[in-house]
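The structure under discussion appears below in the form of C-alpha coordinates.
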Amino acid sequence: MSATAFTPPLVEDTTADHTDDVAAIRQIIANAETAFNTNDADLLTGDFTANAAVVNAAGTLITGFDALLDANRRGLAGFLKDQYARYEVADITFLRPDVAIAHKRAWATTADGEPLDNDHAMIALYVLVKQGNRWYTAARQNTLVPKDE
(Lines give C-alpha, C1' and ligand atoms only; values in the text may rest on other atoms or scores of the structure.)
Protein backbone atom coordinates (compact mmCIF):
# COMPACT_ATOMS: atom_id res chain seq x y z
CA MET A 1 0.00 0.00 0.00
CA SER A 2 1.43 3.37 -0.96
CA ALA A 3 1.24 6.39 1.31
CA THR A 4 -1.12 8.12 -1.10
CA ALA A 5 -3.61 5.23 -1.20
CA PHE A 6 -4.57 5.52 2.47
CA THR A 7 -6.82 8.29 3.71
CA PRO A 8 -7.13 8.37 7.51
CA PRO A 9 -10.61 8.84 8.92
CA LEU A 10 -11.74 12.15 10.33
CA VAL A 11 -12.79 11.38 13.89
CA GLU A 12 -15.14 14.10 15.03
CA ASP A 13 -18.64 13.97 16.46
CA THR A 14 -21.13 16.08 14.53
CA THR A 15 -24.27 14.31 15.74
CA ALA A 16 -25.02 16.63 18.66
CA ASP A 17 -25.19 20.29 19.57
CA HIS A 18 -22.14 20.71 21.81
CA THR A 19 -22.86 24.28 22.96
CA ASP A 20 -23.39 23.25 26.60
CA ASP A 21 -20.46 20.81 26.43
CA VAL A 22 -18.12 23.55 25.20
CA ALA A 23 -19.23 25.78 28.07
CA ALA A 24 -18.62 22.98 30.59
CA ILE A 25 -15.14 22.25 29.22
CA ARG A 26 -14.27 25.96 29.20
CA GLN A 27 -15.37 26.04 32.86
CA ILE A 28 -13.04 23.16 33.72
CA ILE A 29 -10.13 25.15 32.30
CA ALA A 30 -11.34 28.32 34.05
CA ASN A 31 -11.46 26.35 37.31
CA ALA A 32 -7.85 25.28 36.72
CA GLU A 33 -6.77 28.90 36.18
CA THR A 34 -8.58 30.11 39.30
CA ALA A 35 -7.19 27.22 41.34
CA PHE A 36 -3.62 27.81 40.16
CA ASN A 37 -3.80 31.53 40.88
CA THR A 38 -5.33 31.03 44.35
CA ASN A 39 -3.30 27.93 45.35
CA ASP A 40 -6.50 25.87 45.66
CA ALA A 41 -5.43 22.25 45.14
CA ASP A 42 -8.93 20.90 45.76
CA LEU A 43 -10.40 23.04 42.97
CA LEU A 44 -7.47 22.24 40.68
CA THR A 45 -8.04 18.51 41.12
CA GLY A 46 -11.83 18.47 41.40
CA ASP A 47 -12.55 18.04 37.69
CA PHE A 48 -10.38 14.92 37.22
CA THR A 49 -11.53 11.30 37.06
CA ALA A 50 -10.49 8.85 39.77
CA ASN A 51 -8.09 7.18 37.33
CA ALA A 52 -6.78 10.37 35.71
CA ALA A 53 -3.26 10.54 34.28
CA VAL A 54 -1.36 13.81 34.19
CA VAL A 55 2.06 14.61 32.80
CA ASN A 56 3.17 17.84 34.44
CA ALA A 57 5.40 20.50 32.89
CA ALA A 58 8.48 18.77 34.32
CA GLY A 59 7.58 15.55 32.50
CA THR A 60 6.47 13.60 35.57
CA LEU A 61 3.55 11.19 35.16
CA ILE A 62 1.03 11.30 37.99
CA THR A 63 -1.76 8.72 37.98
CA GLY A 64 -4.88 8.58 40.09
CA PHE A 65 -6.94 11.27 41.77
CA ASP A 66 -5.35 10.92 45.21
CA ALA A 67 -1.79 11.12 43.85
CA LEU A 68 -2.74 14.13 41.72
CA LEU A 69 -4.37 15.89 44.68
CA ASP A 70 -1.26 15.26 46.77
CA ALA A 71 1.05 16.55 44.02
CA ASN A 72 -1.14 19.63 43.54
CA ARG A 73 -1.18 20.35 47.28
CA ARG A 74 2.59 20.06 47.50
CA GLY A 75 3.22 22.11 44.36
CA LEU A 76 0.80 24.93 45.15
CA ALA A 77 2.08 25.21 48.71
CA GLY A 78 5.69 24.99 47.54
CA PHE A 79 7.45 26.01 44.35
CA LEU A 80 4.24 27.20 42.61
CA LYS A 81 2.96 29.25 45.56
CA ASP A 82 3.91 32.63 44.10
CA GLN A 83 3.34 31.73 40.42
CA TYR A 84 0.41 33.05 38.41
CA ALA A 85 -0.97 32.32 34.96
CA ARG A 86 -3.62 33.17 32.43
CA TYR A 87 -5.20 30.31 30.47
CA GLU A 88 -6.86 30.37 27.08
CA VAL A 89 -8.74 27.53 25.41
CA ALA A 90 -7.19 27.14 21.96
CA ASP A 91 -9.56 24.49 20.60
CA ILE A 92 -12.03 21.77 21.52
CA THR A 93 -12.76 18.74 19.33
CA PHE A 94 -15.44 16.17 20.13
CA LEU A 95 -14.24 12.73 19.09
CA ARG A 96 -17.45 11.12 20.30
CA PRO A 97 -20.52 12.65 22.00
CA ASP A 98 -18.89 11.87 25.36
CA VAL A 99 -15.16 12.22 24.52
CA ALA A 100 -13.35 15.46 23.69
CA ILE A 101 -9.84 16.79 23.40
CA ALA A 102 -8.92 20.40 24.13
CA HIS A 103 -5.77 22.47 24.02
CA LYS A 104 -5.03 25.19 26.54
CA ARG A 105 -2.37 27.88 26.21
CA ALA A 106 -0.90 29.39 29.37
CA TRP A 107 0.92 32.66 29.96
CA ALA A 108 2.91 33.47 33.08
CA THR A 109 1.52 36.60 34.73
CA THR A 110 2.08 38.85 37.70
CA ALA A 111 -0.19 38.50 40.73
CA ASP A 112 -2.33 41.24 39.16
CA GLY A 113 -2.74 39.24 35.93
CA GLU A 114 -0.34 41.25 33.76
CA PRO A 115 1.43 39.00 31.24
CA LEU A 116 5.16 38.57 31.77
CA ASP A 117 5.70 37.62 28.10
CA ASN A 118 3.82 38.10 24.86
CA ASP A 119 4.00 34.45 23.83
CA HIS A 120 2.45 31.59 25.77
CA ALA A 121 4.81 29.61 27.98
CA MET A 122 2.95 26.31 28.02
CA ILE A 123 0.42 24.34 26.03
CA ALA A 124 -1.64 21.54 27.52
CA LEU A 125 -3.65 18.75 25.92
CA TYR A 126 -6.76 17.67 27.81
CA VAL A 127 -8.63 14.41 27.20
CA LEU A 128 -12.13 14.87 28.57
CA VAL A 129 -14.95 12.39 29.13
CA LYS A 130 -18.60 12.92 29.90
CA GLN A 131 -20.00 10.77 32.67
CA GLY A 132 -23.72 11.28 33.15
CA ASN A 133 -24.27 14.99 32.63
CA ARG A 134 -20.80 16.10 33.79
CA TRP A 135 -17.46 16.47 32.02
CA TYR A 136 -14.20 15.32 33.64
CA THR A 137 -10.56 15.45 32.69
CA ALA A 138 -9.25 11.90 32.19
CA ALA A 139 -5.77 12.95 31.06
CA ARG A 140 -3.69 16.10 30.71
CA GLN A 141 -0.27 16.60 29.13
CA ASN A 142 1.57 19.86 29.85
CA THR A 143 4.37 20.99 27.56
CA LEU A 144 6.56 24.01 28.15
CA VAL A 145 7.07 26.19 25.07
CA PRO A 146 10.69 27.29 24.72
CA LYS A 147 11.30 31.01 24.61
CA ASP A 148 12.76 32.48 21.45
CA GLU A 149 16.35 33.34 22.16
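Computed from a prediction, not measured in an experiment: that's the story for all the values here. The first residue of the sequence shown is numbered 1, and numbering continues consecutively from there.
- Tested against Ile25 for a side chain to side chain contact (heavy atoms under 4.5 Å, CB included), the candidates Asp47, Ile101, Leu128 yield a single pass: Leu128.
- Not a single donor-acceptor pair under 3.5 Å links the side chain of Asp70 to the backbone N or O of Asp66.
- The two residues Ala100 and Phe94 have their closest heavy-atom pair at CB-CD2, 3.7 Å.
- Sorted by first and then second residue, the pairs that involve residues 49-60 and meet side-chain hydrogen bond (donor to acceptor under 3.5 Å, both in side chains), not counting sequence neighbours, are Thr49-Asn51.
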* To do: Take Trp135 and Gln27 through the test side chain to side chain contact (heavy atoms under 4.5 Å, CB included) and record every step on the way to the result.
  => CA-CA 10 Å; Trp135 283 92; Gln27 186 61 54; over 6 Å; no
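- For Leu116, the side-chain contact (heavy atoms from CB on, under 4.5 Å) partners are Ala108, Thr110, not counting sequence neighbours.
- With sequence neighbours excluded, no residue forms a ring pair (Phe, Tyr, Trp, His ring centres under 6.0 Å) with Tyr136.
- For the salt bridge (Lys or Arg N to Asp or Glu O under 4.0 Å) condition, the pairs that include at least one residue of residues 6-23, sequence neighbours left out, are Asp21-Lys130.
- Checked against side-chain contact (heavy atoms from CB on, under 4.5 Å), Thr14 has no partners two or more places apart in sequence or in another chain.
- Partners of Ala121 under the side-chain contact (heavy atoms from CB on, under 4.5 Å) rule, at least two apart in sequence or in another chain, do not exist in this structure.
- In plain terms, the two heavy atoms of Ala102 and Ile92 that are nearest each other are CB-CG1, 3.9 Å.
- Taking the side chain to side chain donor-acceptor pair (under 3.5 Å) definition, one finds that Arg26 meets it with nothing, sequence neighbours left out.
- Residues satisfying the side chain to side chain donor-acceptor pair (under 3.5 Å) criterion with Thr137, sequence neighbours excluded, are absent altogether.
- Taken to the nearest 0.5 Å, the CD1 atom of Ile28 stands 14.5 Å off from the CD atom of Glu33.
- Residues forming a side-chain contact (heavy atoms from CB on, under 4.5 Å) with Leu43 (at least two apart in sequence, or on another chain): Asn31, Thr34, Ala35, Asp40.
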* Just do the side chain to side chain contact (heavy atoms under 4.5 Å, CB included) check on Thr143 and Gln141 with the steps written out, would you? => CA-CA 7 Å; Thr143 303; Gln141 167 78 45; 4.0 Å; yes
Side-chain donor/acceptor pairs under 3.5 Å, residues 75-91, sequence neighbours excluded:
unit_1 : atom_1 : unit_2 : atom_2 : d
Asp91  : OD1    : His103 : ND1    : 3.0
Asp91  : OD2    : His103 : ND1    : 3.3

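- When all heavy atoms of Gly46 and Arg134 are compared, the pair lying nearest together is O-NH2, 3.6 Å.
- Residues Ile29 and Leu95 fall into different hydrophobic clusters, defined by Ile, Leu, Val, Met, Phe, Trp and Tyr side chains chained together at heavy-atom separations under 4.5 Å.
- Residue Leu144 is not grouped with residue Val55 when hydrophobic side chains (ILVMFWY) are merged at heavy-atom distances under 4.5 angstrom, including chains of intermediate members.
- A distance of 3.5 Å separates CG in Asn72 from OG1 in Thr45, rounded to the nearest 0.5 Å.
- Applying the side chain to side chain donor-acceptor pair (under 3.5 Å) rule to Asp42 yields the partners Arg73; only residues at least two apart in sequence or on another chain are considered.
- Listed by first then second residue, pairs satisfying ring-ring contact (aromatic ring centres under 6.0 Å, His included) with a partner in residues 108-133 read Trp107-His120, not counting sequence neighbours.
- Smallest separation of non-hydrogen atoms from Ala71 and Ile62: CB-CD1, 3.8 Å.
- Smallest separation of non-hydrogen atoms from Ala124 and Asn142: CB-OD1, 3.2 Å.
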